[in-house]
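Only heavy atoms go into these numbers, but all of them, side chains included; no hydrogens, no water, no symmetry mates. Chain letters run A, B, ... following the sequence lines, proteins first, then strands; residues in each count from 1.
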Amino acid sequence: MTQSASKSDLQASSAISYNFETVEPHWQQVWNSGDVFSVPDTPPADKPKYYVLEMFPYPSGQLHMGHVRNYALGDVVARYKRARGYAVLHPMGWDAFGLPAENAARERGVHPQEWTLKNIATMRTTLQRLGFSLNWDREIATCLPEYYGKQQKLFLDFMKAGLVDRRESWVNWDPIDQTVLANEQVVDGKGWRSGAPVEKKQLSQWFLKITDFADDLLSELQTLDRWPERVRTMQERWIGRSEGARVTFALHAPPAGLDTNLNAVEVFTTRPDTLFGMSFLAIAPDHPLATWVAQSNTDAAAFIAECHSLGTSAEAVETAEKRGIDTGLRVKHPFLDKDFPVWIANFVLTDYGTGALFGCPSGDQRDLDFAHKYNLPVVPVVLPAGKDQADFSIAAHAFTGDGTMINSGFLDGLSTQDARREAIARLEGMGVGKGVVNWRLRDWGISRQRYWGCPIPVIHCESCGAVPVPDAQLPVRLPEDVSFDKPGNPLDHHPTWKHVDCPHCGSPATRETDTFDTFVDSSWYFARFTAPHAEAPTVRSAADGWLAVDQYIGGIEHAILHLLYARFFTRAMKETGHLNLSEPFAGLFTQGMVSHASYKDASGHWLYPEEVEITGQGAVKRETGEPVTVGRVEKMSKSKRNTVAPSAIIERFGADTARWFVLSDSPPERDMEWTEAGVAGAARFAQRLFRIVSTVAQTVPVQADIPAEIAAQADDLRRVTHRTVAAVTEALEGFVINVAVARIHELTSALADAEKAADMPGMVYARREAARVLCFLSAPMMPHLAEEMFAQLEPGSPVVATQPWPEADPELLTAKQVTIAVQIMGKLRGTIEAAPDENKDDVIARAEAEPNVARLLEGKRIVKRVHVPNRIVNFVTAG
RNA sequence: GUGAGCUUGGCGGAAUGGUAGACGCAGGAGACUUAAAAUCUCCAGUCCGUAAGGGCGUGCGGGUUCAAGUCCCGCAGUUCGCACCA
């Protein structure tokens, strides 16, 4: 035997023991050779289809416990649905493009492709070792041309359909690394890697016009009734529909030399009713008019530069004082014969609305703060209900609620609602404004100045402009011979790759060297899984047959971007004929994180759990015995070193134990804590279950028919068995897997207890029945153990993975005898036994006679007798 | 600021308005063993009581009900998301 100490502890002592090291690979091999998890591209006609999908992993190098939990949950659904007679599509792939591969290349000189493929191989091995019922023949990796080439085709079709745009956009630019940074890569206004101050820079970028679908993406959220409410709410807020008006303010005296299209400033407002309360107009630092002003106004230029240097982090925004600079320009009010100053203000957002607003200090707190700082007038225009105009004024707080209009000319006396309508009507009549719907959602900028991503299939020609790469030249492959010695984008530095002839006119041209945002890759992989090897991006019979995904499972961190982009892509693919549905994910489940205690040694260094030993007195460092501080239970992360590697757990306890533990204690949507004691407990249970079922298999003869004579103990066991079938079924349907686990524990104990009454009539049948049911009920969670037990119990039968789910006999769902609680005034005073659905009067009479109840009822008058069948009797007394 | 969620033993958690604490972890006692591990049996919210039994208990304060962890109103704490969105 070549077992480690810990394994022999668990296994060597007991005569009957589940040897996962040989059993688990054996059944994996049986499943694979029997091809039991494969389904055809076109779903079979004789079964309903079910598509279960977990968010595919980024191949970082090692599977982590969060993955194990995610895929264990998905596998429970897949195996359960298969047993319920569905044709189940359950694929797996790799979200394989992204920055870590480039970082590895720069830091360790390994090529991104090599690094990525090696990671995939490692992680695939771990996943397969866990025994998930996946369609491995559908595996895809987004970094392979077989995938990203089809993505380029989609992009070109989107272009033809007018869903793609190219425009200037502001980016975070790292001047040292010569690269664009995502917002989360900007830390305190500096590049996360270089530490250089980040600059705002305008670049020409590709955009997908997600805002074309804003209305639909919002309204269709209502149809997603199997999505968590909070995810829908988050998306709703992200899309951010608001009704209001656009109003044009003409400059009072446009300065000479000003471009005529800057002669007026357009603002968006949700409160056109408060126009009479205006005291200034504010534009964003990047508004074209601000840029123009800064050319000749050094103070303005300095202010704008300062705004740019300020970080966009939450703290910076929160603490930033409202500041501005008066441009000296003035605009005419549409309704009043007055003009107002134009300020450049740091709190005006460039990319919301029109990047300009009119300030009404009495009706908006930000405007009020600004007015106070710069001594601008505050005119109250909305009178709250119950207030008197004579003594109403605005001090520290703006009034943002509804009321009656005052100081507002023709709007005076109207309600806020009516005033809004009237103001818009007047503006439209004058041709200086209109009612509009404004969206917070912006078009999706997809250009990234990076190597390890899908090349954008466009060629830039001096005479023809941006020319799509012809279909025949797809895929545009990434060159492999690239250098990461220089900062910036290796595609840009490559000596030959970008130089091509224009497909249009044939003259020398250059390839687009930007690649797609990796969110593009994950926006359609669920569709590709339905026909992963096809020439076209999708095959309609496959996609139409399998989609939508019936159950999508993943982390809450993707609640907004990934899910929104995927919803958009599905619509865009529908518009271009690649799909025929709008909503890709009919059901969504967001699982909680896996957390673990964190440990620090005396010098403050984090320690991995395997470096720490928990003793009766506390925690000590395993090697040295020095004391260890046990810190908070936190999400597993490398920085806190509170991670546990799945591969190590599998090696020590086996796949089934790891799976059982992550499913056991906590409800799937909540965070769970990984503990050494917990996983050891799961391992003990696996052994116990195996031992009990094995004992039945080896010692209880087979009896095909239900015996005529059956003792009470055997009947009880049968009732527990059938009730457990019903309870586990209900729990799995409701995704409360921890409860299913608890019910399996109970049946296991009941079967163990039955051994004592092994000789009673009917026990042979009842024990075999319970053992058989345990195989099937535990199979979604511990599939290898289930197969091994079942093979012992019924040798020669087909594998559990291909067998139907057990059915509960309705006759056996009720107990033969029920315990009824007896209360007086709602307080429990005793219990009595009764037959199910026993006559009400008999039950009440016996309840009243229960000794303790009778004692307490003495001398009391019973005014009411409440009887809930099979549950409770409650006496209401008086006096 | 704003939206959503959560709050039950030492811990994770269970509970169609009907015996609160299922199931598990940790703990205690015992059996087996030369011993340990493993396994098995039993105990276990809390307070009073030898016991029978009783008091108090699901964050806090009210309410509805024969009966509230569950429904309603208010408050507190906590977590997460978004955040100068005009």
Side-chain angles (χ1 to χ4, degrees), chain A residues 8-15 17 228-234 236-238 240 242 244 267-271 274 282 284 314 317-318 320-322 345-349 351-360 363-367 369-370 400 438-442 556-557 559-560 614 633 661 664-667 669-673 675-682 684-685 687-688 691 727 731 736 738-746 748-749 752 819-831 851-852 855-856 863-877:
Chain A
S8 57
D9 285 353
L10 275 170
Q11 298 185 0
S13 58
S14 184
S17 103
E229 179 69 38
R230 65 172 173 150
V231 174
R232 284 186 287 168
T233 307
M234 282 160 82
E236 200 178 306
R237 289 168 64 99
W238 189 263
S242 62
V267 306
F268 172 73
T269 178
T270 56
R271 298 296 302 274
T274 63
V317 167
E318 196 166 1
E321 193 186 4
K322 307 234 175 322
N346 64 353
F347 68 94
V348 183
L349 302 173
D351 41 15
Y352 182 77
T354 60
L357 57 86
F358 82 82
C360 171
D364 184 287
Q365 192 60 43
R366 293 157 302 185
D367 297 348
D369 294 344
F370 193 77
T400 56
N438 193 61
W439 303 90
R440 185 182 174 278
L441 182 69
R442 293 167 214 138
I556 187 71
E557 66 272 20
I560 297 179
I614 311 292
V633 174
F661 179 54
S664 287
D665 284 349
S666 300
E669 70 277 8
R670 271 196 233 176
D671 290 354
M672 70 159 293
E673 185 187 349
T675 62
E676 315 311 307
V679 71
R684 275 202 304 274
F685 177 73
Q687 292 296 338
R688 176 170 139 92
R691 210 165 44 237
V736 277
N738 53 318
V739 174
V741 165
R743 298 289 93 87
I744 290 172
H745 273 285
E746 283 170 352
T748 305
S749 292
T819 306
I820 291 180
V822 185
Q823 300 179 336
I824 298 172
M825 297 299 283
K827 277 184 189 289
L828 183 71
R829 296 304 179 193
T831 58
N852 195 45
R855 180 175 69 84
L856 291 162
V863 297
K864 191 172 177 184
R865 294 170 174 82
V866 179
H867 173 247
V868 179
N870 301 327
R871 289 206 178 267
I872 212 161
V873 172
N874 188 16
F875 297 106
V876 184
T877 60

*So what's B:G74 paired with, Watson-Crick or G-U wobble, going by both distances under 3.5 Å?*
B:C60
*Indicate yes or no: at least one non-hydrogen side-chain atom of A:Q823 is less than 4.5 angstrom from one of A:I872.*
yes
*Which of these nucleotides, B:A86, B:A4, B:A22, is closest to any side-chain atom of A:E746?*
B:A22
*NA contact type, A:R232, heavy-atom cut-off 4.0 Å: base, sugar-phosphate, or nothing?*
nothing
*Could you give the distance separating B:A67 and B:G74 at their P atoms, to the nearest angstrom?*
23 Å
_Where protein sits on nucleotides 14-19 of chain B, one letter per nucleotide: B base, S sugar-phosphate only, - none, heavy atoms under 4.0 Å_ = S-B-BB
_Nearest-nucleotide pick for A:A677, side chain only, options being B:A4, B:A26, B:A22_ = B:A26
*To the nearest Å, how far apart are A:D351 CG and B:A86 C1'?*
13 Å
*asked:* Going by purine N1 to pyrimidine N3 plus the second Watson-Crick contact, or the G-U wobble pair, all under 3.5 Å, which nucleotide sits opposite B:U2?
replied: B:G81
*Taking only the side-chain nitrogens and oxygens of A:S664, find out if one of them lies under 4.0 Å from OP1 or OP2 of B:G12.*
no
*Searching all strands shown, indicate the nucleotide that pairs with B:A36 (Watson-Crick or G-U wobble; both distances under 3.5 Å).*
none
_From CZ of A:R684 over to C1' of B:A26, roughly how many Å is that when rounded to an integer?_
10 Å
*Expressed as a whole number of Å, how far does the P atom of B:G30 sit from that of B:A37?*
14 Å
*Between A:V876 and A:T233, which is nearer to the 5' end of RNA chain B once each is assigned its nearest nucleotide?*
A:T233
*Return the nucleotide paired to B:A67: Watson-Crick means purine N1 to pyrimidine N3 with N6-O4 or O6-N4, wobble means G-U with N1-O2 and O6-N3, both under 3.5 Å.*
none
*Is the base of B:G27 syn or anti, where syn means the angle lies within 90° of 0?*
anti
*Without swapping roles, check the side chain of A:N438 against the backbone of A:S242 for a donor-acceptor pair under 3.5 Å.*
no
*Whole angstrom is fine here: how far is it from CG in A:D671 over to C1' in B:G13?*
14 Å
*Only counting residues at least two apart or in another chain, list the ones meeting side-chain contact (heavy atoms from CB on, under 4.5 Å) with A:A742.*
none
*B:G1 P sits how many Å from A:Q365 CD, rounded?*
12 Å
*If you round to the nearest 0.5 Å, how far is CD of A:E673 from CG of A:D665?*
10.0 Å
_Value rounded to 0.5 Å, distance of CE in A:M672 from CG in A:N738_ = 10.5 Å
_Does the plane of the ring in A:H745 sit parallel, tilted or perpendicular to the ring in A:F685? Use 30° and 60° as the thresholds._
tilted
_Closest nucleotide among B:C84, B:C82, B:G12 to the A:W238 side chain_ = B:C82
*Whole angstrom value for the distance that separates C1' of B:G13 from NE2 of A:H745*: 12 Å
*asked:* Nearest 0.5 angstrom please: A:R440 CZ to A:Y352 OH, how far?
replied: 9.0 Å
*asked:* Treating primed atoms plus P, OP1 and OP2 as sugar-phosphate and everything else as base, which nucleotides of nucleotides 40-50 of chain B get B, S or - for protein heavy atoms under 4.0 Å?
replied: SS---------
_Of the listed nucleotides (B:A86, B:A83, B:A4), which one gets closest to any side-chain atom of A:R440?_
B:A83
*Rounded off to whole Å, could you give me the CD-to-C1' distance for the A:E676 and B:G12 pair?*
15 Å
*How far, in whole Å, is B:U58 from B:A51 if one measures between their C1' atoms?*
30 Å
_Close side-chain approach of A:T877 to A:M825, heavy-atom, < 4.5 Å_ = yes
*Say you pick atom C1' in B:C82 and the same atom in B:G21; how far apart are they, in whole Å?*
37 Å
*Counting heavy atoms not belonging to A:R230, are there more than 12 under 6.0 Å from its CZ?*
no
*asked:* Categorize A:V348 for me: base, sugar-phosphate, or nothing, with a 4.0 angstrom heavy-atom threshold over every strand shown.
replied: base
*asked:* Between B:C48 and B:U39, how many Å separate the two C1' atoms, rounded to a whole number?
replied: 39 Å
*What does A:N852 touch in the nucleic acid at a heavy-atom separation under 4.0 angstrom: a base, only the sugar-phosphate, or nothing?*
sugar-phosphate
*asked:* Counting only Watson-Crick pairs (N1-N3 plus N6-O4 or O6-N4) and G-U wobbles (N1-O2, O6-N3), all under 3.5 Å, who is the partner of B:G27?
replied: B:C43
*Within the structure shown, what part of the strands sits under 4.0 Å from A:L856 by heavy-atom distance: base, sugar-phosphate, or nothing?*
sugar-phosphate
*Considering only side-chain heavy atoms of A:K827, which listed nucleotide, B:C56, B:G24, B:U2, is closest?*
B:C56
*Measure the shortest side-chain to side-chain distance between A:F358 and A:D367 over non-hydrogen atoms and say whether it is less than 4.5 angstrom.*
no
_Taking only the C1' atom of each, what is the distance from B:U64 to B:G9 in whole angstrom?_
29 Å
_Measuring from atom OG1 of A:T400 to atom CZ of A:R271, what distance do you get when rounded to the nearest 0.5 angstrom?_
7.0 Å
*Does the side chain of A:D364 come within less than 4.5 Å of A:L357's, by heavy atoms?*
no
_With rounding to the closest Å, how many angstrom separate the P atoms on B:A4 and B:C72?_
14 Å
*Let me know, please, whether A:A682 or A:M234 comes out on the 5' side of the other along RNA chain B by nearest nucleotide.*
A:A682
*Rounded to whole angstroms, how far apart are CZ on A:R237 and C1' on B:A83?*
8 Å
_Interatomic distance at C1', B:U7 relative to B:C43, whole Å_ = 29 Å
_From CD1 of A:I556 over to C1' of B:C6, roughly how many Å is that when rounded to an integer?_
14 Å
